[in-house]
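Only one structure is covered here, and it is reproduced in the block below.
Protein chains get the first letters and strands the later ones, always in sequence-line order, with residue 1 at the start of each. Owing to the predicted nature of the structure, the values given are computational and were not obtained by experimental measurement. The figures here come from the full heavy-atom set of this structure, side chains too, leaving out hydrogens, waters and symmetry mates.
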Amino acid sequence: MRYNRVILYLLLAGAALAMLSPILLMLSTSLKTMDEIRNGSLFDLPHAPSFAAWGKAWVGRCTAGECDGMGGYFANSIAIVLPSLFLSIAVGSITGYALSLRQVRYADFLFAAILIGLFIPPQVTLYPMIILVRTLGLFGTTGGVILAHVVWGLAFTTLMFRNFFRSVPADLIKAVRVDGAGFWSSYWYIMLPMSLPVFAVAVILQFTYTWNDFLFGLTFAARDSQPVTVALNNLVGSQFGEQEYNVNMAATMLTALPTVLVYLCSGRLFVRGIAAGAVKG
Amino acid sequence: MRGVHLNRVRKSYGSVTIIDQLDLAIEEGEFLVLLGPSGCGKSTLLNAIAGLEPLSGGSISIQGRDVTALEPDQRDIAMVFQSYALYPTLSVRRNIGFALKMRGTAKADIERKVGEVADLLQITHLLDRKPGQLSGGQQQRVAIGRALVREPSVFLFDEPLSNLDAKLRADMRIELKKLHERLGRTIIYVTHDQIEAMTMATRIVVMNQGRIQQCDRPEVVYGRPANRFVASFVGAPTMNFVEGRFGRAGDHLAVLTAEGVIPLPGLDVALGQAGQPVTLGFRPEHVALAEAEDVTTVTATPLMSEPTGPDMYVLMRFDPARTGVGVGPELTIRVPADAAIARHQPVPLRLDGRRISLFDPQTGQRMN
Amino acid sequence: MRGVHLNRVRKSYGSVTIIDQLDLAIEEGEFLVLLGPSGCGKSTLLNAIAGLEPLSGGSISIQGRDVTALEPDQRDIAMVFQSYALYPTLSVRRNIGFALKMRGTAKADIERKVGEVADLLQITHLLDRKPGQLSGGQQQRVAIGRALVREPSVFLFDEPLSNLDAKLRADMRIELKKLHERLGRTIIYVTHDQIEAMTMATRIVVMNQGRIQQCDRPEVVYGRPANRFVASFVGAPTMNFVEGRFGRAGDHLAVLTAEGVIPLPGLDVALGQAGQPVTLGFRPEHVALAEAEDVTTVTATPLMSEPTGPDMYVLMRFDPARTGVGVGPELTIRVPADAAIARHQPVPLRLDGRRISLFDPQTGQRMN
Amino acid sequence: QTAEVLHWWTSGGESAALATIRAAYTAKGGVWQDTPIAGGGNARAAAVNRMIGGKPPTVFQYSVGLQLLELADQGLLNDIDDVAQVGNWDKALPPLIANISKYKGKYIAAPVNIHGENWMFYNFDALKKAGVEVPKTWADFLAAAPKLKAAGIIPLALGGEPWQERILFNSVLLGVGGREHYAKVYGKLDKAAMGTDTMLDVFKTVAALRPLVDESSPGRKWNETAGMVMKGTAAFQFMGDWAKGEMVAAKLEPGKDIGCALAPAKDTAYIMTVDAFAFSNVKDAPSKGAQTLMATVMMDPATQAAFSKRKGSIPSRLDVPDIGFDSCAKVAINTLKDPATHLVSTGLFGVPSAVSGAIDDAISQFWNNKAMTPEQGRDLFVKAIDRAK
Amino acid sequence: MALPTAVSAYVALIPATTITLVCFYAFIAWTFVISLTRSRLLPRYEFVGFLQYERLFDTARWWQAMQNLAIHGVLFTVGCIVVGYFLAILIDRGVKAEGVFRTIFMLPLSMSFIVTGIIWQWLLNPSFGLQAAVRGLGFEEFAFNWLVRPDRAIFTLAIAGIWQQVGLCMALCLAGLRGVDPNIWKAARVDGIPVWRVYANIITPMLRPVFFTLVVLLSSLVMKAFDLVVALTGGGPGFASDLPARFVVDHILNRQELGLGAAGAFMMLCTVAAVVAPYIYYELSKARRAG
Ligand SMILES: Nc1ncnc2c1ncn2[C@@H]1O[C@H](COP(=O)(O)OP(=O)(O)OP(=O)(O)O)[C@@H](O)[C@H]1O
Ligand SMILES: Nc1ncnc2c1ncn2[C@@H]1O[C@H](COP(=O)(O)OP(=O)(O)OP(=O)(O)O)[C@@H](O)[C@H]1O
Ligand SMILES: [Mg+2]
Ligand SMILES: [Mg+2]
């Protein structure tokens, strides 16, 4: 019994270390100087930890003698992510609710059809998407990016919410009908509040996907409203120029900071939400 | 044509017909209990009345209005579910007021009505809690409050008490009954617990396999079951059955079995032809221990006794040969808790012929 | 020292002590029922006996062996759960045989034993189904089969019937009892349903808040409850209680209440000093309708009657003034199903003084 | 005269170079909106996508070649032939580059510089330590390799990405096959030339190079690889002249602290790759004016000189004097005086990009599959090009 | 059924249906049409029949990518679920500081695939990553050079992918484990069933719906895997670790082989239709049959 506990904690600690060490390595690298990186080992601790690289990353890439700072890009990202999140989760949860209803015919069929969307690499259909967005007059605007996120987030959010609403007791749905609440009012007053735990999960995951997106931001956003991942790419993605790994790492971590914070703060919500039925088949 | 009228109601899922050609007239103010074994179609019927399941055929009218094509909320009904089906995220207050809000009732009116209902059900102090913070009985009351507040002309209950423990169930039973008396509205109540049915109903509908077996006052359903199904379904412990043929024992009609004669003193002698097969049914409490054997008694051996507190049920076996083990069919009788009954000591029993039931073994229909 | 012995058993979660210093000796072959309200610690105690929860103090021995430190599977016990806890993904056959397989029993032996158990429980035809394809009663039987097959010396049951409907519950009750008689093994059975306790137990342990309130044969627990808690917990409808003072009515001891005198004919007169406060308790069936009023009767007004089939329970109110509405405390009495009782028509009642209980209002302990 | 300029020059050196163009442009009264997108592939895709989406950048960096012609063919580009005529580009530019910058006889791109791909960088100390001379032929190189190895030095620093492998391969192709052979193979995609024994020798040489790299080679970035030469853990790297930027960043002077030479070859030649800008089909006068001004500025000899000095390349105009360039660049400028030395890279122009991709695939496959014989490699190469044509 | 509720439900489905029809299926159709043309950089509707497919099937790199897809798909999906499930089990054994472990395991989820690729490229790089570090400790013979071995590079993709997504699997499995009736555990203890057997024979089959969701989510990631390959191996060495998504994107965006890329994309979707769709359908209809 005692041995088992010891082994259990050893395993957990090992796993935690394995999961954490890559991130710690990034952190330590971002605190080194370039010379240290060129000459030392990846696993050495920084001799004199310095946030110089972080400062440089925050200033952003200077191109053609112009520096534009990451701050603005963060704002752009937020301007993209928040409405995208709101819309794609709204659409996903409403769709999920409708598909969970037993009186909706072909619901399973439509659900399967939507699930296929989960498997389409968005790059593959980029051209028609551009044409569509252009036709809607949204190309080169934040609206275009948001639309793309809503489209490509649909399958995922629908999956989450449909599974949750399926687990709502049938009696509850009946009670709602007897009380005279139609689809929308039942959604708004009853189902939406009930699905809050799943919302948390959907928001967290969708936030991660949206925040980390590079392709849509690059393709559909206006020049001055591009998300922070584009700025990050400009910092780290240069192919033929010289590389500053410490800055790269700092910038990478800086960019990932919001999502990391979200996970740090909401791990409990996440598990509870999943337990609430977000992903029960 | 007030009350609820079901007219040749049919309900099938795909090729499986659950309810077929069911007619039922429920008068206004009745407390009608639908009683039947699990899966017999009670909930299906209730859902059909509520409009939650579209009919496959037939029609339903409520208070003289044909509601067959109407949505549940337009049928002037309210429903209480077994699982309560309270809205978990709304406070009790909003749970109760939700239906009114959906109808666009003014805020102040909602507030007032919810208050009244809460008073009536004594849940005023719970109004601001969430359902999750309530005990089972309290949840049940809120569910009833949600139905009450709409002042419907018909209340539908689907096994509302089956999730409660025995004690609470007994209390709620009385409360529901008082409520019915106070409001005077029609109640249709589904249960598979026959105690509930017996104690509350003005009429009981016993269903089996989607068909009505009997529809009558509780005493009648209990005392004069229309067929063997009803007889065996209603009553706990269940009615005793003995297969045999009509015969005689002295002046009395009797049932002859392979093992011996069971006299039925008090029964109308003209009932059956001698030799005709018959199923005799009698309830545990309609058998008495006789002081001594005579032509009106039958001997049985006690096998096991179940004291329930006030009474004792004794499982026995007919034993005309007094072997102490018994050879005949088993039967259960009810005796006072302090009755002196010794295991394997045969005792004489006397059936109360006026209270027994006789069934046609072929059709199962009642004969007397 | 065969059987199960609990010695100063203590169980706490953190700082909350659920069970404190509990002693209990269960003899071999007993059918001991732990009865008590929800949350009183019945399951906790059972789990402690099974070894599923480590004790916080004290010791447990089973068949003379100290098992306090042993794992559940080494304690020679088997357990049946309220939720059945069948392994949902295994067939019935494998559910029953799994424990044997784990002990390395030979394939053929497992097959044989499973077959025997299945025969005994009449579930042979279900052996290849999954639990999800069984009805509640069938699942229950499988769960029992799973316990039986291991031939343990002690069976532990945790509310095994509470998920079943009333009828099935009654049947299973008898089956369990027969099983107990056939096997002769010790059974410890948790329930909060007192009918189960009454009918099956050789002894009942009534628990409340982790303490044993009474431990005795069912008739004693029912007829002579040790304290007010036991009195009110055991029996449905519950015992009637009236607060008052000792007094006299004619030759008899009586209880004087604000509303009048309740004579207790047949009770030992020497019991209490006049004027001393007392709580009178009497069961519904220990009150009889009197033909006429006299010094041994008390008047009450019927408010509502609940026919249960064989009997009728009548809710009344003491009403010495014969107002037809009643002013005193409520009481429930049991009368025959066909008794002529009219609502709001006061009737004289006579209590059976030999069967009533008297409690000290302060301590709640039985006085007679 | 506002011009949005989309480009992929985001690193320090590149960006500093671009700043010279920007300065010249703003000095002439233009307004410069900078849209950097790191990574050539990303930037090109973004430019095309924005043209399809109807909101193109005014000026965008692009590789000259068939892709650009296809864009022109779709009417997505403005020509800048007026500027070219005035600037006399036909004379100033190497003919190969001039041709590829035109669609239907009109200039559609402004090539701002020339990078050379067949450079060889080496570490003086490493060579000295192993007692090795700078190789003149690939045979020399192969002979020197064991000595380097013996001295604990990695003979060949290579980043194992397909394009880096291709640069090495093309250097060998040129070095072993000679410039005429190279021109036949890549210029004309001549199947016969690809099947010759010369080609087999090329593959044999490449195969002989396989064991000369360290095990970490696959997937390594070119600049990390350059770092190996700078540190002296490796002796040679075959890389374009942009590698000088990394050296400058590490405060080493190319030609002085780090050796640079054209890769070993039978005859002198220069594999050119070009950075160019194209002009989207904007219609409004201010934007068109901006495009004209931008083209003029980009092709101005002074701007080109300033630009290339920072970029590590040489001007696309051959009429710019080599004053102030580093010694490596001087070599390049002087080499290109002879038109016979002009060769095209297969990377971004010269061959259709499908072919270029197929070439990369074939080379990479051959390089990484150690079991593949030179014959098989040659067949694969021929087949790949044939299929992609 | 002409109930108002149902009508509103259909109305509510309009956006999703539109998106599905237009952005999923019309786009797929468009991709198919393009795959029948000679398009290079931009769509051009010069039809050439199935020429692009012939070229595609004649391309070694494509087959390598498809083979890698199968390998990666199995390794990543199975690996993720197995490791995630294992971690969930560890956490579910009633450990202290559960929240800390859970958060740590889920932290990588917050990273993008690009970042994941970058980190692991460093870690797995033989000359300054793990291998170098272990050798630095004195184990000169230690070799962990999968990143640069053509026959092993595809495994590194799975390693990095698992590292990133295992938190999700852990969370889902944990939720599933928490949903198991605690009495099952008690019953198993009374029956004397060893813990591992309970997991193997009883709990695991019960978590089937969770695994279903995971398989769907993870295999969708496999299909779309692009960023991770680009950042981690660049498809190399050679194209030993190439995946169809990268193949397609590379041909469409970098190689002006729109037609060929479209053919590849369409083949990918056919693979989905052939492998994943039946599975989804099976599970859905099973769930429906179960009520
Ligand atoms: N949606 C459905 N599709 C097919 N069959 C159904 C459906 N709903 C119910 N049934 C079947 O109809 C029959 C009657 O079900 P119903 O729920 O009305 O029974 P019940 O009398 O309420 O039983 P219980 O006492 O268990 O609640 C059952 O056999 C059930 O299997
Ligand atoms: N793991 C635990 N931690 C803290 N308290 C607990 C735990 N398990 C049970 N309890 C508390 O112990 C008390 C007794 O619980 P137990 O389950 O034994 O009651 P019970 O008599 O079986 O009730 P029921 O009839 O509802 O099953 C309850 O108040 C319960 O809240
Ligand atoms: Mg039902
Ligand atoms: Mg319990």
Under a 4.5 Å heavy-atom cut-off, does chain A meet the side chain of E:Leu109, its backbone, both or neither?
-> both
Please examine the side chains of A:Asn4 and E:Val195, heavy atoms only from C-beta on, and report whether any two atoms are closer than 4.5 Å.
-> no
Contacting moiety of E:Leu21, where chain A heavy atoms sit under 4.5 Å = neither
Sort E:Tyr25 into side chain, backbone, both or neither according to what part of it lies under 4.5 angstrom from a heavy atom of chain A.
-> side chain
Pick one of side chain, backbone, both or neither for E:Trp163, based on which atoms fall under 4.5 Å of a heavy atom in chain A.
-> both
Please flag which part of A:Ile120 lies under 4.5 Å from any non-hydrogen atom of chain E: side chain, backbone, both or neither.
-> both
Validation row: E:Ile19, A:Val150 side chains within 4.5 angstrom (heavy atoms) | yes
Under 4.5 Å from any heavy atom of chain A - which part of E:Val100 = neither
Could you look at E:Phe101 and say if it's the side chain, the backbone, both or neither that has a heavy atom under 4.5 Å from chain A?
-> side chain
Heavy-atom proximity to chain E below 4.5 Å, by part of A:Thr208 = side chain
Structural part of A:Leu264 lying under 4.5 Å from a heavy atom of chain E = both
Please state whether the side chain, the backbone, both or neither of E:Leu123 comes within less than 4.5 Å of a heavy atom of chain A.
-> both
Side chain, backbone, both or neither of E:Phe105 within contact of chain A (heavy atoms, under 4.5 Å) = both
Sort out for me which of E:Phe266, E:Phe113, E:Phe226 touches chain A most, counting heavy-atom pairs under 4.5 Å.
-> E:Phe226
Under a 4.5 Å heavy-atom cut-off, does chain A meet the side chain of E:Leu90, its backbone, both or neither?
-> both
Could you look at A:Leu25 and say if it's the side chain, the backbone, both or neither that has a heavy atom under 4.5 Å from chain E?
-> side chain
Audit row: E:Leu168, A:Leu205, side chain to side chain contact (heavy atoms under 4.5 Å, CB included) steps and yes/no | CA-CA 9 Å; E:Leu168 185 68; A:Leu205 287 175; 3.9 Å; yes
Contact class of A:Trp211 relative to chain E, heavy atoms under 4.5 angstrom = neither
What's the spacing between A:Leu12 CG and E:Leu87 CG if we round to 0.5 Å?
-> 7.5 Å
Heavy-atom contact with chain E under 4.5 Å, split by part of A:Met26 | side chain
With a 4.5 Å heavy-atom cut-off, do E:Ile34 and A:Tyr127 have their side chains touching?
-> no
Go through the atoms of A:Ala18 and report whether side chain, backbone, both or neither lie under 4.5 Å from a heavy atom of chain E.
-> backbone
Check each atom of A:Phe156 against the heavy atoms of chain E and say whether the ones under 4.5 Å are side chain, backbone, both or neither.
-> side chain
With no hydrogens and no angle check, is any side-chain donor or acceptor of E:Lys224 less than 3.5 Å from a backbone partner on A:Gln123?
-> no
Any idea which heavy atoms bring E:Ala12 and A:Phe183 closest together, and the distance?
-> CB-CE2, 3.2 Å
Which bit of E:Phe86 is near chain A, if near means a heavy-atom gap under 4.5 Å: side chain, backbone, both or neither?
-> side chain
Of the backbone (N, CA, C, O) and the side chain (C-beta and beyond), which part of A:Leu154 lies under 4.5 Å from a heavy atom of chain E, both, or neither?
-> side chain
Dump the intermediate steps for side chain to side chain contact (heavy atoms under 4.5 Å, CB included) on A:Ile114 and E:Thr17, then the final yes or no.
-> CA-CA 8 Å; A:Ile114 290 176; E:Thr17 315; over 6 Å; no
Step by step, work out the side chain to side chain contact (heavy atoms under 4.5 Å, CB included) result for A:Ile23 and E:Met111.
-> CA-CA 9 Å; A:Ile23 298 174; E:Met111 306 278 154; 3.8 Å; yes
Is a side-chain donor or acceptor of E:Tyr10 paired with a backbone partner of A:Arg105 at a separation under 3.5 angstrom?
-> yes
Is it the backbone or the side chain of A:Phe214 that comes under 4.5 Å from a heavy atom of chain E, or both, or neither?
-> neither
Looking only at heavy atoms, what is the nearest atom pair of E:Ala9 and A:Ala98, with distance?
-> O-CB, 3.8 Å
For the residue pair A:Met249 and E:Ile118, establish whether any side-chain heavy-atom pair is separated by less than 4.5 Å.
-> yes
Between E:Val222 and chain A, which part of the residue has a heavy atom less than 4.5 Å away: side chain, backbone, both or neither?
-> neither
Side chain, backbone, both or neither: which part of A:Thr229 has a heavy atom under 4.5 Å from chain E?
-> neither
Side chain proximity check, E:Phe27 to A:Leu132, heavy atoms < 4.5 angstrom | yes
Kindly indicate, with the supporting measurements, whether the criterion side chain to side chain contact (heavy atoms under 4.5 Å, CB included) is fulfilled by E:Trp30 and A:Thr125.
-> CA-CA 8 Å; E:Trp30 181 89; A:Thr125 51; 5.9 Å; no
Which bit of E:Arg93 is near chain A, if near means a heavy-atom gap under 4.5 Å: side chain, backbone, both or neither?
-> both
Does any heavy atom of chain E fall under 4.5 Å from the side chain of A:Leu261, the backbone, both, or neither of them?
-> neither
Closest non-hydrogen contact found for A:Trp184 with E:Ser8 is NE1-CB, 3.8 Å
Partner chain A: residue of E:Lys96, E:Glu98, E:Arg178 with the largest heavy-atom pair count (under 4.5 Å) = E:Lys96
Please look at A:Leu110 and chain E and tell me whether the side chain, the backbone, both or neither of the residue comes under 4.5 angstrom of a heavy atom of that chain.
-> side chain
Distance col, row A:Asn212:CG vs E:Ser110:OG, nearest 0.5 angstrom, shows 7.5 Å
Does any heavy atom of chain E fall under 4.5 Å from the side chain of A:Phe111, the backbone, both, or neither of them?
-> side chain
Side chain, backbone, both or neither: which part of E:Val249 has a heavy atom under 4.5 Å from chain A?
-> side chain
When the 4.5 angstrom heavy-atom criterion is applied to E:Met170 and chain A, the contacting part is neither
